[in-house]
Number of protein chains: 2
Amino acid sequence: MTDPRSEQPAAAAGDWPSDWLRATLGFLALRALAAGPSYGYAMIGDFEQHGFGTIKGGTLYPLLTRYETAGLVVTEWRAGDGGPGRKYFALTDHGRAELARLRVEWHRFAGTSIRYLDPERPTKETPE
Amino acid sequence: MTDPRSEQPAAAAGDWPSDWLRATLGFLALRALAAGPSYGYAMIGDFEQHGFGTIKGGTLYPLLTRYETAGLVVTEWRAGDGGPGRKYFALTDHGRAELARLRVEWHRFAGTSIRYLDPERPTKETPE
DNA sequence: CATGGCTATATAGTGTCTCTAAGTAGTGAG
DNA sequence: CTCACTACTTAGAGACACTATATAGCCATG
């Protein structure tokens with residue numbers, strides 16, 4: 001497994017509106033690290049495999065830097081496997097707590113928005 | 001019913017991260033108009049009742065103006081019910097088509113993100 | 001050995017959009 | 001008259017994604 005971006009092509013979904021990714025990329029990145037430390041380039045491939053399209057380096061790296069500043073992740077350089085060095089990111093306890101919190105909140109928000117969108121939703125007063 | 005913002009207080013939820021609202025407010029506004037024309041101030045009250053918090057006028061009105069420019073809505077001034085005039089917004093066919101499209105896409109995106117977040121999701125290779 | 005491609009991270013410039021804040025205005029109550 | 005509520009508008013500041021580019025290690029091809 002020298003190539004973290006092999007396995008399967010994204011299959012479907014290509015690219016979502018950038019505002020949607022802007023809203024979610026933060027906790028998506030925290031979730032990507034929940035299974036153990038990883039590095040930017042591998043995370044981009046992981047997002048691609050899971051149907052989020054190709055996240056740009058110019059988006060992800062500044063985000064991870066902000067998260068390091070905020071104490072959600074810590075970093076460590078490791079040698080690359082036939083290639084340049086890799087900057088590994090690992091969740092802190094704070095990062096894990098944030099992920100847990102955002103998971104719940106996002107679930108609630110997604111539900112609220114999907115219920116509001118529902119074409120069946122009564123829009124005037126509810127008949128009793 | 002002279003006050004479009006009576007009924008129930010928001011109950012719970014108060015305010016969501018602004019990026020989450022940024023991602024959704026566009027199609028939320030289209031959905032708010034799906035039941036018939038409405039105006040900004042009433043829409044703000046409607047969002048509040050449905051758990052989205054208090055959307056600011058400085059956010060909603062420029063959005064609606066962009067949608068008018070884009071041909072998703074058309075506008076018409078009507079007299080207010082004891083108060084200033086109201087600028088009513090109505091969906092065009094284009095707006096209705098966009099709403100239908102975004103409803104499907106948002107549903108897919110929300111599902112993709114929630115599946116990715118799932119703590120139970122296998123993160124290394126799936127056992128066969 | 002040089003050219004290009006893949007891996008990997010970083011930064012600058014531009015544009016969009018939310019937020020805060022304030023302004024304009026009509027109506028009605030004290 | 002002044003305040004509160006209704007209702008829309010605009011200005012200024014800040015956050016952040018996008019495009020494009022820079023840097024750099026490693027490897028294959030010719």
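A note on names: the letters A, B, ... follow the listed sequences, proteins ahead of strands, and every chain is numbered from 1.
Toward the 5′ end of DNA chain C lies the nearest nucleotide of Pro62(B), the other residue of the pair Pro62(B) and Gly57(B) mapping further downstream.
When the C1' atom of dA17(D) is taken as reference, atom CG of Leu28(A) falls 15 Å away, rounded to whole Å. As a whole-Å value, the separation of Ile44(B) CD1 from dT18(C) C1' is 14 Å. Here the P atom of nucleotide dT20(C) and the CD1 atom of Ile55(B) are 11 Å apart, to the nearest Å. Atoms CG (Leu60(A)) and P (dA17(D)) sit 10 Å apart, rounded to a whole Å. Leu64(B) has its CG atom 11 Å from the P atom of dT18(C), to the nearest Å. Residue Tyr41(B) contributes atom OH, which lies 10 Å from atom C1' of dA4(D) at whole-angstrom precision. In this structure, the CZ atom of Phe89(B) is 11 Å from the C1' atom of dT9(D), given to the nearest Å. Between the CE atom of Met43(A) and the P atom of dA10(C) there is a distance of 13 Å, given to the nearest Å.
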Please write out the pairs of protein N or O atoms and N or O atoms of nucleotides 12-17 of chain C separated by less than 3.5 Å, giving the distance to one decimal.
{"unit_1": "dT16(C)", "atom_1": "O2", "unit_2": "Arg22(B)", "atom_2": "NH2", "d": "3.3"}
{"unit_1": "dC17(C)", "atom_1": "O4'", "unit_2": "Arg22(B)", "atom_2": "NH2", "d": "2.7"}

Stepwise side-chain hydrogen bond (donor to acceptor under 3.5 Å, both in side chains) test for Asp46(B) and Tyr116(A): CA-CA 10 Å; Asp46(B) 193 48; Tyr116(A) 189 78; 2.5 Å; yes
Test salt bridge (Lys or Arg N to Asp or Glu O under 4.0 Å) applied to Asp118(A) and Arg115(A), step by step: CA-CA 5 Å; Asp118(A) 183 2; Arg115(A) 278 191 301 277; over 6 Å; no
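Phosphate contact (OP1/OP2 of dT10(D), side-chain N/O of Tyr61(B), threshold under 4.0 Å): absent. Residue Tyr39(B) has a polar side-chain atom (N or O) positioned under 4.0 Å from OP1 or OP2 of dA7(D). Phosphate contact (OP1/OP2 of dT19(D), side-chain N/O of Lys56(A), threshold under 4.0 Å): present.
Linking ILVMFWY residues whenever their side-chain heavy atoms come closer than 4.5 Å, directly or via other members, leaves Val74(B) and Leu33(B) in distinct clusters.
Counting heavy atoms from C-beta on, the side chains of Tyr61(A) and Lys87(A) never come closer than 4.5 Å. Between Arg78(B) and Pro37(B) the shortest side-chain heavy-atom distance falls below 4.5 Å. Using a 4.5 Å cut-off on side-chain heavy atoms (C-beta onward), Arg22(B) and Arg22(A) make contact.
Trp20(B) comes within 4.0 angstrom of nothing in the nucleic acid, heavy atoms only. Using a 4.0 Å heavy-atom cutoff across all strands shown, Gly40(B) reaches sugar-phosphate atoms only and no base atom.
With ring centers used as reference points, Tyr67(B) lies 6.0 Å or more from Phe89(B).
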Heavy-atom protein contacts under 4.0 Å, nucleotides 24-30 of chain C, coded B base, S sugar-phosphate only, - none: --BS---
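For the residue pair Trp106(A)/Ser113(B), the side-chain donor-acceptor check at 3.5 Å is satisfied.
Checked against salt bridge (Lys or Arg N to Asp or Glu O under 4.0 Å), Arg103(B) has no partners two or more places apart in sequence or in another chain.
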